[in-house]
Undergrad: 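I am attaching a structure below and will ask some questions about it afterwards.
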Amino acid sequence: MRVRVNNIELAYSLSGNGIPLLFIHGFPLTGKIWDAQLTDLNDIAQMVAVDLRGHGESQLTPGPFSQPVAYEMEVLASDCIKLLDNIGLNIPVVVCGLSMGGYVALNIAHAYPERLAGLILVATRASADTAEARANRDAAVDLVQDRGSQVIAAQMLPKLLAMENTSAYPELVERVNGIMESVPATAMIGDLLGMKARPDATPWLSAITVPTLLVHGAGDQIIPFSEMEAMAAEIPDSRLVSISAAGHLPNMEQPEKFNQVVRQYLSDLDIQANGD
Ligand code: MLT
């Protein structure tokens, strides 16, 4: 399904009945990473899994490849809010973002606090890029411009899953790789420039008033546990859960454990389902 927001067509999947819940994927992925949630949580949540602009079935920001445009986290947050408005969910919803999707979710928490019923931060951080990380983004942009998006997919793949899962789950590796290879070079560059430009969200954390669940994969090779602990310490009503035998994609690597944690969190939330 698609809606027009901020001058682009944005695609999303919809599933289930209950507490409204928006899923925001990470880099360089699509809404397909949430398939196991869309099937298993459909008795408790009305779920929307967005394809961020340029990803999956959503349109790219218009413009020539030679003049890359940053996909700023605040623009991606605005896309998400307008998507919700367009499909009749102009009410508080639970927002769940993974990694770059977590950066977008924190922007929603900051810019649209009235739209949050709850927040789930998965494998993400609040801090801005370090100078070294920014230099790495520039190098990655050059690489994509010279050699296309597949080279980034190949670089990311060994880091996305917990090390033991890369050999244990070849089908999952294939699936994640296929998702990454579907993301066009222009969108990867937009993401890299957008993430590089993002501000430090740490000062926003203490203002988050909704119950917040933080989920970390114990074998995450990208986000250290300490980053999520630091976030949890700042967010007043928060709970941090570590999922064993999972890396940067705990929702895909350990879907049953992940879904159980989210189900418990949703059950504890004191909000009405949409339309009740
Ligand atoms: C992601 O998984 O979205 C990215 O690894 C986040 C990042 O590069 O900062």
Side-chain angles (χ1 to χ4, degrees), residues 22-34 49-56 58 70-77 79-80 95-108 120-144 149 151-163 165-166 172-173 175-177 179-183 185 187-202 214-217 219-228 230-231 243 246-253 258:
L22 171 69
F23 284 118
I24 312 174
H25 62 78
F27 167 83
L29 299 163
T30 74
K32 283 199 187 306
I33 69 163
W34 304 109
V50 64
D51 283 340
L52 293 172
R53 58 171 62 210
H55 303 70
S58 290
Y71 289 7
E72 285 148 343
M73 300 301 114
E74 51 268 45
V75 172
L76 302 181
D79 287 348
C80 289
V95 175
C96 173
L98 182 144
S99 202
M100 182 181 78
Y103 309 158
V104 178
L106 286 172
N107 264 274
I108 293 177
I120 306 176
L121 298 169
V122 186
T124 193
R125 54 162 64 92
S127 54
D129 276 3
T130 59
E132 187 191 350
R134 287 201 297 274
N136 289 340
R137 303 278 190 211
D138 289 335
V141 168
D142 289 347
L143 207 56
V144 181
S149 57
V151 66
I152 294 293
Q155 271 187 358
M156 289 289 290
L157 195 58
K159 293 187 288 186
L160 280 174
L161 307 189
M163 275 183 202
N165 289 348
T166 301
L172 178 59
V173 174
R175 187 141 48 94
V176 172
N177 194 41
I179 294 174
M180 283 196 289
E181 289 194 347
S182 76
V183 177
M188 284 198 185
I189 293 171
D191 291 346
L192 289 163
L193 295 176
M195 290 192 284
K196 177 186 164 195
R198 78 186 192 283
D200 180 12
T202 309
L214 298 100
V215 184
H216 184 257
D220 193 328
Q221 303 181 66
I222 296 176
I223 302 283
F225 184 68
S226 56
E227 295 251 18
M228 299 211 61
M231 271 198 293
I243 296 195
H248 196 54
L249 302 175
N251 61 312
M252 297 183 87
E253 292 169 79
F258 181 89

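Position 1 is the first residue of the sequence, and the numbers go up from there. Order of listing sets the numbers, starting from 1, for every ligand and every atom in it.
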Undergrad: Starting from atom 4 (C) of ligand 1, locate the nearest protein heavy atom and write down its residue, its atom name and how far away it is, to 0.1 Å.
TA: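 Protein heavy atom at minimum distance: S99 OG, 3.3 Å.
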
Undergrad: Can you list the atoms of ligand 1 that are under 4.0 Å from a heavy atom of G26?
TA: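 So the atoms of ligand 1 that pass are 3 (O).
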
Undergrad: Return a yes/no value for M100: is any of its N or O atoms, backbone included, closer than 3.5 angstrom to an N or O of ligand 1?
TA: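 Yes, M100 has an N/O under 3.5 Å of an N/O on ligand 1.
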
Undergrad: Without swapping roles, check the side chain of E181 against the backbone of N177 for a donor-acceptor pair under 3.5 Å.
TA: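 Flag not set: sc E181 to bb N177 has no pair under 3.5 Å.
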
Undergrad: I need the R125 CZ to M231 CE distance, nearest 0.5 Å.
TA: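 Nearest 0.5 Å value for the CZ-CE distance: 9.0 Å.
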
Undergrad: Do ligand 1 and M156 have nitrogen or oxygen atoms that lie under 3.5 Å from each other?
TA: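 N/O-N/O distance below 3.5 Å does not exist for this pair.
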
Undergrad: Distance from L161 atom CG to T166 atom OG1, nearest 0.5 Å?
TA: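 That separation rounds to 4.5 Å.
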
Undergrad: What are the atoms of ligand 1, with element, lying closer than 4.0 Å to any heavy atom of M195?
TA: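 Listed by number with element, the hits are 6 (C), 7 (C), 8 (O), 9 (O).
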
Undergrad: Checking H216 side chain against I223 main chain: does a donor-acceptor pair fall under 3.5 Å?
TA: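 The answer is yes, because a donor-acceptor pair under 3.5 Å joins these two groups.
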
Undergrad: Taking distance alone, with N or O pairs closer than 3.5 Å, would you say D129 contacts ligand 1?
TA: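 By distance alone, the answer is no.
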
Undergrad: Please determine, by modelled atom types, if D191 and H55 share a side-chain donor-acceptor pair under 3.5 angstrom.
TA: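 Their side chains do contain a donor-acceptor pair, which is all the 3.5 Å distance test asks for.
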
Undergrad: Would you mind listing which atoms of ligand 1 come within a distance below 4.0 Å of any non-hydrogen atom of H248?
TA: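 The list of qualifying atoms is 1 (C), 2 (O), 5 (O).
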
Undergrad: Can you tell me which residue and heavy atom of the protein come closest to atom 9 (O) of ligand 1, and the distance to 0.1 Å?
TA: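 Result: Y103 OH, 2.5 Å.
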
Undergrad: Hey, are D79 and R53 close enough for a salt bridge, meaning a charged N less than 4.0 Å from a carboxylate O?
TA: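 Salt bridge present between D79 and R53.
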
Undergrad: Going from CG on L160 to CE on M180, what distance comes out if it is rounded to the nearest 0.5 angstrom?
TA: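 L160 CG to M180 CE: 5.0 Å, rounded to 0.5 Å.
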
Undergrad: Decide whether an N or O pair under 3.5 Å exists between R125 and ligand 1.
TA: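 Such a contact does not occur with ligand 1.
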
Undergrad: Touching ligand 1 at all, R137? Heavy atoms, strictly under 4.0 Å?
TA: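 For ligand 1, residue contact (heavy atoms, under 4.0 Å) with R137 is present.
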
